[in-house]
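Right, one structure below, let's go through it.
One is the number of the first residue; the rest follow in order along the sequence.
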Amino acid sequence: MNLYHAVAYTLKSKRFWIWQGGGIILYCIPVAIRFTTGSYYIPILSWPGFWVYHLIPGNLVEKFLINAFFPGGAGAVAGEVFVSNYYGSQLQGKTKYEARLAGALAQTAFWSAIQYFGYSLMWIGPFGGNIFEPWYVFPFNFSLGCLSIFTPDVVYFVRQKLIGVYNRLQRNLTSKS
């Protein structure tokens with residue numbers, strides 16, 4: 001398949017849009033909380049609460065939870081769907097994870113460029129700080145992007161377990177009726 005068709009089929013993919021849309025929604029939740037409360041600090045997500053040498057952000061829990069899905073996880077799925085469409089077959093093993101890594105890094109780079117541009121505009125939010133991330137957190141974001149290639153597998157595993165629990169509960173409820 002050629003590049004044009006691979007891009008077209010990727011943009012038509014339901015899985016691609018579910019991960020992109022879901023990732024953006026998850027990314028916006030802490031943003032909405034910050035704008036609503038007027039505080040940068042979110043008690044559950046802001047651990048350790050202070051920056052470590054401008055390398056590790058004070059909202060470490062938030063970074064791990066949110067970046068696993070967007071931009072990293074969504075980019076990983078985008079890379080997998082694109083390469084799968086390009087080759088015309090489902091990816092397996094090493095090729096699947098290489099495609100996910102390329103997608104996660106590409107989407108993280110694109111999102112970092114947006115963050116860099118936004119940070120340079122110095123838009124101050126209601127919490128008193130720039131609403132965009134500073135450039136010195138980008139290496140940490142790329143590290144999380146590399147780890148997020150496993151997020152689709154974890155989500156699929158949890159989904160399968162929840163479906164199994166649901167089916168067992170349904171069987172138990174119908175057998176007792």
Leu26 CG to Phe70 CZ distance, which is reported to the nearest 0.5 Å:
10.5 Å
Residues that Ile163 engages under side chain to side chain contact (heavy atoms under 4.5 Å, CB included), provided they are two or more places apart:
Arg159, Gln160, Asn167
Show me, pair by pair, the donor-acceptor contacts under 3.5 angstrom made by side chains of residues 106-118, not counting sequence neighbours?
| from | atom 1 | to | atom 2 | distance (Å) |
| --- | --- | --- | --- | --- |
| Gln107 | OE1 | Gln20 | NE2 | 3.2 |
| Gln107 | NE2 | Gln20 | OE1 | 3.0 |
| Thr108 | OG1 | Ala104 | O | 2.7 |
| Trp111 | NE1 | Tyr27 | OH | 3.1 |
| Ser112 | OG | Thr108 | O | 2.8 |
| Gln115 | OE1 | Glu133 | N | 2.9 |
| Gln115 | NE2 | Tyr27 | OH | 2.7 |

Rounded to the nearest 0.5 Å, how far apart are OG1 of Thr174 and CG of Leu169?
10.5 Å
Say whether, by atom type as modelled, one donor and one acceptor occur between the side chain of Asn130 and the main chain of Ile124 under 3.5 angstrom.
no
Show me the pairs that pass salt bridge (charged side-chain N to carboxylate O under 4.0 Å, His left out) and involve residues 164-173, at least two apart or across chains.
none
Listed by chain and number, what are the side chain to side chain contact (heavy atoms under 4.5 Å, CB included) partners of Gln92, not counting sequence neighbours?
Gln90
Atom pair OG (Ser13) and CD1 (Ile18), whose distance is rounded to the nearest 0.5 Å:
8.0 Å
Should Leu121 and Phe127 be counted in the same cluster of Ile, Leu, Val, Met, Phe, Trp and Tyr side chains packed under 4.5 Å apart?
yes
Going by ring-ring contact (aromatic ring centres under 6.0 Å, His included), name the pairs with one or both residues in residues 74-104, residues two or more places apart or in two chains.
Tyr97-Phe150
Contact list for residues 17-29, test salt bridge (charged side-chain N to carboxylate O under 4.0 Å, His left out), sequence neighbours left out
none
Smallest heavy-atom separation, Val77 atom then Pro152 atom, equals CG2-CG, 3.6 Å
Give a yes or no on this: more than 12 heavy atoms of other residues, nucleotides or ligands lie within 6.0 Å of atom CD1 of Ile44.
no
Backbone of Ala76 reached by a side-chain donor or acceptor of Arg100 within 3.5 Å
no
Establish whether Leu144 and Tyr136 are linked, either directly or via other cluster members, by ILVMFWY side-chain heavy-atom contacts under 4.5 Å.
yes
Between atom CD1 of Ile33 and atom CD1 of Ile42, what is the distance when rounded to the nearest 0.5 Å?
4.5 Å
Quick one: ring pair (Phe, Tyr, Trp, His ring centres under 6.0 Å) partners of Trp123, sequence neighbours excluded?
Phe132
If you take all heavy atoms of Leu91 and Ala99, which pair is closest and at what distance?
CD1-CB, 3.7 Å
Identify, with sequence neighbours excluded, every residue that meets side chain to side chain contact (heavy atoms under 4.5 Å, CB included) alongside Thr151.
Trp19, Ala68, Phe69, Ser148, Val155
When you check the gap from the basic side-chain N to the acidic O, do Glu80 and Lys96 get nearer than 4.0 Å?
no
Quick one: does Ser143's side chain have a donor or acceptor within less than 3.5 Å of a partner on Pro139's backbone?
yes
Heavy-atom count around Phe157 CZ within 6.0 Å, excluding the residue itself: above 12?
no
Please list all pairs meeting salt bridge (charged side-chain N to carboxylate O under 4.0 Å, His left out) that have one or both residues in residues 109-127, counting only residues at least two apart or in different chains.
none
Inter- and intrachain pairs under salt bridge (charged side-chain N to carboxylate O under 4.0 Å, His left out), touching residues 103-121, at least two apart:
none
Could you tell me which non-hydrogen atom of Leu105 sits nearest to which non-hydrogen atom of Cys146, and how far apart they are?
CD2-SG, 3.8 Å
Asn59 side-chain N/O to Glu62 backbone N/O, donor-acceptor pair under 3.5 Å:
no
Going only through I, L, V, M, F, W and Y residues with side-chain contacts under 4.5 Å, is there a path from Tyr119 to Tyr40?
yes
Applying side chain to side chain contact (heavy atoms under 4.5 Å, CB included) to Arg15 and Val81, what does each step give before you reach the verdict?
CA-CA 8 Å; Arg15 183 175 179 224; Val81 169; 4.1 Å; yes
With Val61, which residues qualify under side chain to side chain contact (heavy atoms under 4.5 Å, CB included), at least two apart?
Leu45, Trp47, Leu65
Should Val158 and Ile66 be counted in the same cluster of Ile, Leu, Val, Met, Phe, Trp and Tyr side chains packed under 4.5 Å apart?
no
Using modelled atom types and a 3.5 Å cut-off, is there a donor and acceptor pairing between side-chain atoms of Arg34 and backbone atoms of Ser39?
no
Roughly how far apart are Phe142 CZ and Leu147 CG, rounded to 0.5 Å?
13.5 Å
